[in-house]
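As structure tokens, the structure follows; a few thoughts come after it.
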Amino acid sequence: MIGRRSISKASPLFLLLLGFGFFVATYNLVTMVIHYQQRVPVNKLSVDDLGTEMPKIRRLGVQRQLFHVVVTATDAAYSRWQCRIMYYWYKKMKDGEGSEMGGFTRVLHSGKPDSLMDEIPTFVVDPLPAGVDRGYIALNRPWAFVQWLEKATIEEEYILIAEPDHIFVKPLPNLAREDYPAGFPFFYIKPTEHVEIVRKFFPEEKGPVTNIDPIGNSPVIIKKSILEKIAPTWMNISLNMKEDPMTDKAFGWVLEMYAYAIASALHGVQHLLHKNFMIQPPWDLKLGDTYILHFTYGCDYTLKGELTYGKIGEWRFDKRLYLRGPPPRNLTLPPPGVPESVVTLVKMVNEATNNIPGWDEGR
């Protein structure tokens, strides 16, 4: 099973196929972004709906509402170097002004310890049985959460579900409000455009499809007690979706994101949608008031600073270039004219790699 294999040990053919798969996924996503850039579904509960009450409650509260930061990961080199950068920026932002960031856990779903156990707080869980994920590694994510929530001791009342390719741009407060988790609205999560499929997992007696939030499972800040209820449902729906050819084809690489959104709605959980929760370069150009920088997309530009949509640029940064090992220190900065978000991304990667001991050993 892929979850048990390190990409660094994979055959050249496997890496070629994996790289091609990444290219196809990126191309399809670029196409979606061009057509639907920054469109967010309406009629959902955003922080604007709460007026100024939520910030007042936070400022007047005496006790901080800490959340535990958790990220799921594999033992592959590709996952390890991203986790190291993420953990570096977590440590730097954790005690900053306004932060309510608590402890940190990397949930490693390879079933065995790896070389980062002494560097990053890690909890090892089992992967899915061989063949169950059908090559879709993200299917291990909800199963990893089920195991971690059942077995680990978590002191904080809230949990931030994060990912290895998240960088904390500034100290993050608890954006959730009691039983309302905080989530990020993804423009490509559109339950109302897949009613026939969604109804297989969200029956009519549960209410209208619009009850399903346009979110994934990350980033989300949620009460631990609520996530404990959602996680098994999230896992089961993910597995059932993957078994259904129509659903698998329609949702593809965002399948378990839809599964989380539907599982939440089944439990009557509604998320507060925070557009400033994170940005995703190169599509988001400025930092603004964001808290997380998500480097999931490739950033390709001409030397004149022009974005080359879906094409390899003269200057580029793409995490998929580093499947077998980490990027080198001191990456070349983008050319003049490239947006602030991309420049910040490269600078933050460079700072982390220059300060993490033994970085080049991974190369």
Apply side chain to side chain donor-acceptor pair (under 3.5 Å) to T122 and R106, showing your working.
CA-CA 5 Å; T122 299; R106 179 183 65 132; 3.1 Å; yes

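- One distance of note links NZ of K249 with CD1 of I197; it measures 10.0 Å at 0.5 Å rounding.
- Between the side chain of T247 and the backbone N or O of M241, no donor-acceptor pair lies under 3.5 Å.
- Considering every non-hydrogen atom in both K311 and D300, the closest pair reads O-CB, 3.2 Å.
- When side chains are defined from C-beta on, M348 does not count as touching F295, because their heavy atoms never get closer than 4.5 Å.
- Hydrophobic clustering (ILVMFWY, side-chain heavy atoms < 4.5 Å, transitive): V70 and L108 are in distinct clusters.
- W315 and Y301 have tilted rings, their planes meeting at an angle from 30° to 60° on a 0 to 90° scale.
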Report the C-alpha distance between V146 and V125 in whole Å, list the side-chain angles of each, state the deciding distance to 0.1 Å, and finish with yes or no for side chain to side chain contact (heavy atoms under 4.5 Å, CB included).
CA-CA 10 Å; V146 168; V125 297; over 6 Å; no

Using side chain to side chain contact (heavy atoms under 4.5 Å, CB included), reason through F145 and N217 one step at a time and then give a plain yes or no.
CA-CA 11 Å; F145 268 97; N217 54 77; 5.7 Å; no

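- By the neighbour-count criterion of 12 heavy atoms within 6.0 Å, atom CG of D118 is sparsely surrounded, having that number or fewer from other residues, nucleotides or ligands.
- When ring centroids are compared, F277 and H271 stay outside the 6.0 Å threshold.
- Between P214 and L273 the shortest side-chain heavy-atom distance falls below 4.5 Å.
- Atoms CD1 and CD, on I167 and Q82 in that order, are 9.5 Å from each other to the nearest 0.5 Å.
- Using a 4.5 Å heavy-atom threshold, the side chains of L239 and M235 count as touching.
- Residues Y291 and M93 have side chains not in contact (no heavy-atom distance under 4.5 Å, counting atoms from C-beta outward).
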Evaluation steps, side chain to side chain contact (heavy atoms under 4.5 Å, CB included), between H166 and L160:
CA-CA 12 Å; H166 285 177; L160 165 64; over 6 Å; no

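- Considering CG of L149 and NZ of K229, their distance stands at 13.0 Å, rounded to 0.5 Å.
- What you find for Y260 and G216 is that their closest heavy atoms are CD2-O, 3.4 Å.
- The shortest side-chain heavy-atom distance between T290 and D284 does not fall under the 4.5 Å cut-off.
- Distance check: N350 CG to N355 CG gives 10.5 Å after rounding to the nearest 0.5 Å.
- In this structure, M117 is not a member of the same hydrophobic cluster as W81, with clusters built from ILVMFWY side-chain heavy atoms closer than 4.5 Å.
- The two residues P328 and W359 have their closest heavy-atom pair at C-NE1, 4.5 Å.
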Start with the C-alpha gap between L287 and K170, add the side-chain angles, then the distance that decides, and say whether side chain to side chain contact (heavy atoms under 4.5 Å, CB included) holds.
CA-CA 10 Å; L287 293 183; K170 64 181 180 181; over 6 Å; no

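- K200 and D244 are joined by a salt bridge, as a carboxylate oxygen and a charged side-chain nitrogen come within less than 4.0 angstrom of each other.
- Note on residues 147-161: pairs passing side chain to side chain donor-acceptor pair (under 3.5 Å), not counting sequence neighbours, are H68-E156.
- Shortest non-hydrogen contact noted between L266 and T233 is CD1-CG2, 4.0 Å.
- The 12-atom threshold is exceeded at NZ of K224, counting heavy atoms of other residues, nucleotides or ligands nearer than 6.0 Å.
- Panel note: side chain R80, backbone A73; no donor-acceptor pair is recorded below 3.5 Å.
- In this structure the side chain of Q280 reaches within 4.5 angstrom of the side chain of F186, judged on heavy atoms.
- Ring pair W283/Y297 is perpendicular by interplanar angle, where above 60° counts as perpendicular and below 30° as parallel.
- In terms of heavy atoms, P171 sits closest to G96 at CG-CA, 3.7 Å.
- Among Y90, F67, F123, the one residue that satisfies the ring-ring contact (aromatic ring centres under 6.0 Å, His included) test with F104 is Y90.
- Rounding to the nearest 0.5 Å places OG1 of T344 at 7.0 Å from CG of L293.
- Counted within 6.0 Å of CG on N330, heavy atoms from surrounding residues, nucleotides or ligands total more than 12; the atom is thus considered enclosed.
- The residue from K94, K91, M101 that alone fulfils the side-chain contact (heavy atoms from CB on, under 4.5 Å) condition with F168 is M101.
- Between L272 and L175, the closest side-chain pair of non-hydrogen atoms is not below 4.5 Å.
- Following chains of ILVMFWY side-chain contacts shorter than 4.5 Å, one can reach L321 starting from L331, so the two form part of one hydrophobic cluster.
- Under the side-chain contact (heavy atoms from CB on, under 4.5 Å) test applied with P281, the options T296, V342, V338 reduce to a single match, V342.
- Under the 4.5 Å side-chain heavy-atom criterion for Ile, Leu, Val, Met, Phe, Trp and Tyr, I159 and L66 are members of distinct hydrophobic clusters.
- Under a cut-off of 6.0 angstrom, the local environment of CE in M246 is sparse, with at most 12 non-hydrogen atoms contributed by other residues, nucleotides or ligands.
- At a threshold of 4.5 Å between side-chain heavy atoms, the hydrophobic network of Ile, Leu, Val, Met, Phe, Trp and Tyr places W253 and L255 in one connected group.
- A donor-acceptor contact shorter than 3.5 Å links the side chain of Y258 to the backbone of K190.
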Please test E256 against Y136 for side chain to side chain donor-acceptor pair (under 3.5 Å), starting from the C-alpha separation and ending with a verdict.
CA-CA 10 Å; E256 56 93 27; Y136 178 52; 4.6 Å; no

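- Between the side chain of N174 and the backbone N or O of Q65 there is at least one donor-acceptor pair closer than 3.5 Å.
- Taking the six-membered ring where the residue is Trp, the centroids of H194 and F251 are separated by under 6.0 Å.
- Rounded to the nearest 0.5 angstrom, H109 NE2 and I137 CD1 are separated by 5.5 Å.
- Ionic pairing of K223 and E178 is present here: one or more N-O contacts between side-chain nitrogen and carboxylate oxygen are shorter than 4.0 angstrom.
- Side-chain atoms of D318 and I312, non-hydrogen and from C-beta on, never get closer than 4.5 Å to each other.
- Across T72 and A144, no two heavy atoms sit closer than the pair CG2-CB, 4.1 Å.
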